[in-house]
Protein chains: 2
Amino acid sequence: MTDVRTERSSAAGQPTGKRQGKRERLLAAAIELLHQEGVERTTLADIAHRAEVPVGGVYYYFKTKEDVVTAVIEAHAAEVRASLADIEHRHGSPKDRLKALVDQFASRNELIAEFGCPLGTICSELDKRHVETSPAAVLMRLPIAWMEEQYRALGCDDADELALELMAAYEGSALLANTMRDPSILTGAARRINRGIDAL
Amino acid sequence: MTDVRTERSSAAGQPTGKRQGKRERLLAAAIELLHQEGVERTTLADIAHRAEVPVGGVYYYFKTKEDVVTAVIEAHAAEVRASLADIEHRHGSPKDRLKALVDQFASRNELIAEFGCPLGTICSELDKRHVETSPAAVLMRLPIAWMEEQYRALGCDDADELALELMAAYEGSALLANTMRDPSILTGAARRINRGIDAL
DNA sequence: GTCTATAAATCGATAGAC
DNA sequence: GTCTATCGATTTATAGAC
């Protein structure tokens, strides 16, 4: 639906200097499809087709489907880390930083009402593959640990609980907004969360 | 793992009087597996095997896999309705009723940390089947509408928002508890929610 | 190094035996 | 009415051609 072309013709550190952005296209397609269609319902053929890459050719860039999932998780983690670093760079006070994160959440309300939170849905789905430690759990811990830092900088003793509460409020609202297909559930949640931050 | 045998040898309104509890066993197995393994990962063979019914025999009791899913949703809805009716019967005041619901949530913390909220996970997963109105959305609306009634009886103008907030806090905490495999996230959430109800 | 053709396995569903 | 045997479609993965 949306055009996610992060093309960069023959750049980056590939061994041979003869690569177009095929791996990047496959990864971008996988990120979209795993979010919109779900991990289990997305086939490698779907990914290859959206990336405009030959169907069997996926296995040249990824060993297995689980490798694709791992790459998607790492891409999400990199994006979250970059977002948090950007917020830290743009805002000095912990309160402003927390509210900037809430604002950033709010900028994707329509997408989340349609397909759910990218982090939340993938965590929920990957939990069903009973691996010891879910590889998606790191995605959740990134923003939570960061929020805990901010709350701690504000002098809150229960910084860990406040961070969990904020994330839970957001993820729960994302689930309800997605289930009811109603983005306004997320705007209401953002308003309440911001009010709580101001009242600290 | 847990024994869900709602056996009732040849009862209920079947056309012929010659039915053991096979359909009931299949439904009970489906309820468990859809929760623990997920909708997409659960096969009809898995369900038949857990119900100790011949593999192909599922199709005598259910037309298609989607029919099984529909039956599971309806079973969940019936259970939720029964729980809410029971709470209304046992408690007179809206505050006590809301807190009784939170207590009931809390009684399943370990199960939820292991497999997620049965309602939340099925809503999240079924949303990926882009049907107009998700059949699982009714599951979410049942407790939300009921909570809204209680808040309205307490004289809250923003009863709808309070109900959404409570449900979101619970579902978000369930997702985090499941992702981190930590039931204490749910006990912390329940404590906060109860505090909010008392402060009304 | 890249991709086509195909193997191997799995799953939903059906036809028909008992 | 109940269930066995099997079909057809799909999907992951590989072997090997170019």
Side-chain angles (χ1 to χ4, degrees), chain A residues 7 9-27 29-30 32-34 36-73 125-126 128-131 135, chain B residues 7-27 29-30 33-34 36-73 125-126 128-131 135:
Chain A
E7 203 84 30
S9 31
S10 68
Q14 262 86 28
T16 69
K18 188 189 178 180
R19 186 80 57 86
Q20 307 105 313
K22 294 199 179 178
R23 194 186 192 279
E24 290 80 354
R25 289 212 308 273
L26 284 168
L27 183 57
E32 275 191 34
L33 284 169
L34 261 50
Q36 299 180 359
E37 307 290 329
V39 178
E40 302 298 336
R41 293 175 62 88
T42 297
T43 71
L44 295 175
D46 291 338
I47 297 172
H49 188 259
R50 179 171 295 209
E52 294 177 58
V53 164
V55 197
V58 180
Y59 285 95
Y60 178 68
Y61 301 95
F62 300 95
K63 256 204 299 286
T64 147
K65 184 180 178 180
E66 198 179 319
D67 266 37
V68 177
V69 175
T70 303
V72 168
I73 291 173
E125 214 174 351
L126 286 186
K128 300 309 181 190
R129 311 179 165 191
H130 311 285
V131 284
Chain B
E7 201 85 30
R8 191 171 300 183
S9 33
S10 71
Q14 263 86 25
T16 71
K18 187 192 184 179
R19 185 82 55 87
Q20 307 105 315
K22 294 200 179 178
R23 193 185 193 279
E24 289 81 353
R25 289 213 308 273
L26 284 168
L27 182 57
L33 286 169
L34 261 48
Q36 300 179 359
E37 307 290 329
V39 178
E40 302 298 336
R41 292 175 63 88
T42 296
T43 70
L44 295 175
D46 292 337
I47 296 172
H49 188 258
R50 179 171 294 208
E52 295 176 61
V53 163
V55 198
V58 180
Y59 286 96
Y60 178 70
Y61 301 95
F62 299 96
K63 256 205 298 288
T64 147
K65 184 179 179 181
E66 199 179 319
D67 267 36
V68 177
V69 175
T70 302
V72 169
I73 291 174
E125 213 174 350
L126 287 186
K128 301 308 182 191
R129 313 181 163 187
H130 310 286
V131 284

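Just so we're clear, the structure is a prediction, and the values are computed from it rather than from any experiment. Convention: sequence-line order gives letters A, B, ...; per-chain numbering from 1.
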Mind calculating the distance between [atom1] ([X]) and [atom2] ([N]) to the nearest angstrom?
X       : N      : atom1 : atom2 : result
A:Phe62 : D:dA13 : CZ    : P     : 13 Å
B:Arg23 : D:dC3  : CZ    : C1'   : 17 Å
A:Arg41 : C:dC11 : CZ    : P     : 16 Å
B:His49 : D:dC3  : NE2   : P     : 15 Å

Rounded to the nearest 0.5 Å, what separates atom [atom1] in [X] from atom [atom2] in [Y]?
X       : Y       : atom1 : atom2 : value
A:Leu26 : A:Arg23 : CG    : CZ    : 8.5 Å
A:Leu34 : A:Ile47 : CG    : CD1   : 6.0 Å
A:Phe62 : A:Leu27 : CZ    : CG    : 5.5 Å

How would nucleotides 12-18 of chain C be written as a contact map, 5' to 3', with B for base contact, S for sugar-phosphate-only contact and - for no contact, using protein heavy atoms under 4.0 Å? SBB----
B:Tyr60, nearest nucleotide to its side chain (from D:dC3, C:dT4, C:dT2):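 Nearest to the side-chain atoms of B:Tyr60, counting from C-beta on, is D:dC3.
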Mind running side-chain hydrogen bond (donor to acceptor under 3.5 Å, both in side chains) on B:Thr70 and B:Asp67 for me, showing each step along the way? CA-CA 5 Å; B:Thr70 302; B:Asp67 267 36; 5.2 Å; no
Sub-4.5 Å side-chain heavy-atom contact between A:Arg50 and A:Leu33: yes
Between B:Arg25 and B:Val53, which heavy-atom pair has the shortest distance, and what is it?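 In terms of heavy atoms, the two residues are closest at NH2-CG2, 3.8 Å.
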Go through the side-chain N and O atoms of B:Gln36 and A:His130 and say whether any donor and acceptor fall under 3.5 Å apart. no
Can you give me the bend angle of the helix from C:dG1-D:dC18 to C:dC18-D:dG1? Use the axis through the first five pairs and the one through the last five, nearest 10 degrees. 10°
Are the charged groups of A:Glu40 and B:Arg41 less than 4.0 angstrom apart, N to O? yes
